[in-house]
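Each remark here refers to the structure printed beneath this line.
For the numbers below, each heavy atom of this structure counts, side chains included, while hydrogens, waters and symmetry mates do not.
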Amino acid sequence: PKDLDHVAQSGSKIVLTPRSHMNLQQGKAPFKDINDRHILTVLGTDGIPSVETLSLWDEMRAFVKQHADAVHLSGYDVLSMVTSHAAKALGLEEEVGIIEKGRKADIILIDATTIPITDDFFMSLIQGVTSYHIKTVIIGGQVVKSVN
């Protein structure tokens, strides 16, 4: 708890890698305590030696599974941990992280027609999206991947 108080007071950010922690048997991060202190928290994938994929979708699913009992977060909240919160943690919040005029167009287009949609649309995407569903990747306004 004292460490988290220091992190909060310093304005530092935290990157959680729930799959890596699970695979390396490091336990579950104290997300409720982190969240209660309003520490900016993002999700990362760590690296291939400790996780099977570098998919942030897999990381979001693992995070939801591990922390669903600790604090209720909407799908939007979790998705923000890999978009707008990540951009802010990197000091890039004026360039990326949200879709807005004047920002870099870093966007993925998803075919969600086979994903069961619930009342929490973003949580439905988190639970259902795989690489199969990602049809187009645009980075800086340039199409880098396109699948029909």
Side-chain angles (χ1 to χ4, degrees), residues 3-23 26 28-68 70-113 115 117-148:
D3 289 341
L4 290 179
D5 290 338
H6 292 298
V7 170
Q9 291 167 1
S10 72
S12 296
K13 291 85 173 161
I14 292 181
V15 178
L16 299 180
T17 56
R19 291 182 303 144
S20 179
H21 286 174
M22 182 177 59
N23 291 343
Q26 295 176 328
K28 184 171 74 169
F31 181 71
K32 183 178 182 334
D33 295 335
I34 294 167
N35 193 53
D36 287 348
R37 287 171 174 80
H38 305 286
I39 300 169
L40 182 67
T41 306
V42 303
L43 296 177
T45 61
D46 205 355
I48 289 296
S50 63
V51 293
E52 301 78 26
T53 71
L54 297 179
S55 169
L56 287 172
W57 296 100
D58 291 342
E59 211 65 48
M60 287 187 285
R61 282 187 282 275
F63 174 81
V64 168
K65 184 176 181 181
Q66 286 181 18
H67 297 284
V71 62
H72 175 74
L73 295 175
S74 69
Y76 181 85
D77 295 331
V78 176
L79 192 61
S80 294
M81 294 172 77
V82 300
T83 56
S84 59
H85 293 183
K88 186 172 184 178
L90 293 168
L92 299 173
E93 66 271 26
E94 299 299 319
E95 297 177 42
V96 297
I98 63 172
I99 300 171
E100 183 178 82
K101 184 178 179 179
R103 293 179 185 251
K104 292 182 180 177
D106 293 348
I107 303 168
I108 61 171
L109 303 179
I110 298 168
D111 178 356
T113 57
I115 297 172
I117 303 299
T118 66
D119 59 338
D120 186 337
F121 176 75
F122 295 111
M123 190 60 76
S124 298
L125 292 180
I126 290 167
Q127 296 299 341
V129 169
T130 65
S131 60
Y132 165 81
H133 297 96
I134 300 170
K135 300 303 178 186
T136 304
V137 177
I138 302 169
I139 300 174
Q142 301 295 314
V143 176
V144 297
K145 175 187 175 184
S146 184
V147 179
N148 294 331

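- Listed here is the closest heavy atom pair of Leu54 and Asp46: CD2-O, 4.3 Å.
- Within 6.0 Å of the NZ atom in Lys145, the count of heavy atoms belonging to other residues, nucleotides or ligands exceeds 12.
- Residues Ala87 and Gly97 share a closest heavy-atom pair of CB-CA, 3.8 Å.
- Residue pairs meeting the side-chain hydrogen bond (donor to acceptor under 3.5 Å, both in side chains) criterion with at least one member in residues 97-109, sequence neighbours excluded: Glu95-Lys104, Glu100-Arg103.
- Put simply, CD1 on Ile34 and CD1 on Ile14 are 4.0 Å apart, with the number rounded to the nearest 0.5 Å.
- Counting heavy atoms from C-beta outward, Glu93 and Ser84 have side chains that stay 4.5 Å or more apart.
- No donor-acceptor distance shorter than 3.5 angstrom exists from the side chain of Asp120 to the backbone of Ser74, with no hydrogens or angles considered.
- Legend: residues meeting ring pair (Phe, Tyr, Trp, His ring centres under 6.0 Å) with Tyr76, ordered by chain and number and at least two apart, are Phe122.
- More than 12 heavy atoms of other shown residues, nucleotides or ligands fall within 6.0 angstrom of atom CD1 in Ile48.
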* Asked: Yes or no on side chain to side chain contact (heavy atoms under 4.5 Å, CB included) for Thr45 and Leu56, after CA distance, side-chain angles and deciding distance?
  -> CA-CA 6 Å; Thr45 61; Leu56 287 172; 3.6 Å; yes
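- The line from CG of Asp5 to OG of Ser10 is 11.0 Å long, rounded to the nearest 0.5 Å.
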* To do: Output, in order, the C-alpha distance, side-chain angles, deciding distance and verdict of side chain to side chain contact (heavy atoms under 4.5 Å, CB included) for Gln127 and Val64.
  => CA-CA 9 Å; Gln127 296 299 341; Val64 168; 3.6 Å; yes
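- Between Asp36 and Val71, the closest side-chain pair of non-hydrogen atoms is not below 4.5 Å.
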* Check the pair Val82, Met60 against side chain to side chain contact (heavy atoms under 4.5 Å, CB included), reporting the backbone distance first and the verdict last. => CA-CA 8 Å; Val82 300; Met60 287 187 285; 3.8 Å; yes
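- The environment of Lys32 atom NZ is sparse: at most 12 non-hydrogen atoms of other residues, nucleotides or ligands sit within 6.0 angstrom.
- To the nearest 0.5 angstrom, Leu4 atom CG is 5.0 Å from Arg37 atom CZ.
- Distance check: Lys65 NZ to Lys28 NZ gives 12.0 Å after rounding to the nearest 0.5 Å.
- Sorted by first and then second residue, the ring-ring contact (aromatic ring centres under 6.0 Å, His included) pairs involving residues 44-64 (not counting sequence neighbours) are Phe31-Phe63, Phe63-His67.
- The shortest distance between side-chain heavy atoms of Val42 and Lys13 does not fall below 4.5 Å.
- At least one side-chain heavy atom of Arg19 sits less than 4.5 Å from a side-chain heavy atom of Asp58.
- In this structure, the side chains of Thr41 and Asn35 stay at 4.5 Å or more apart for every pair of heavy atoms.
- Residues Ser20 and Val51 approach most closely at N-CG1, 3.6 Å, considering heavy atoms.
- Considering OG1 of Thr17 and NE2 of His21, their distance stands at 3.5 Å, rounded to 0.5 Å.
- Contact of the Ser12 side chain with the Ile39 side chain is not registered, since no non-hydrogen atoms from C-beta on lie closer than 4.5 Å.
- Side-chain contact check for Lys88 versus Leu40: some heavy-atom pair is nearer than 4.5 Å.
- In this structure, CD1 on Ile138 lies 5.0 Å from CG on Leu109, to the nearest 0.5 angstrom.
- For Ser80 and Asp77, the side-chain atoms include no donor-acceptor pair closer than 3.5 Å.
- Among all heavy-atom pairs drawn from Asp111 and Ile115, the shortest one is O-CD1, 4.5 Å.
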* To do: Apply the test side chain to side chain contact (heavy atoms under 4.5 Å, CB included) to residues Asn23 and Glu52: give CA-CA distance (whole Å), side-chain angles for both, the deciding distance (0.1 Å), then the verdict.
  => CA-CA 10 Å; Asn23 291 343; Glu52 301 78 26; 3.2 Å; yes
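- Across all non-hydrogen atoms, the minimal contact from Leu16 to Ala29 is CD2-CB, 3.5 Å.
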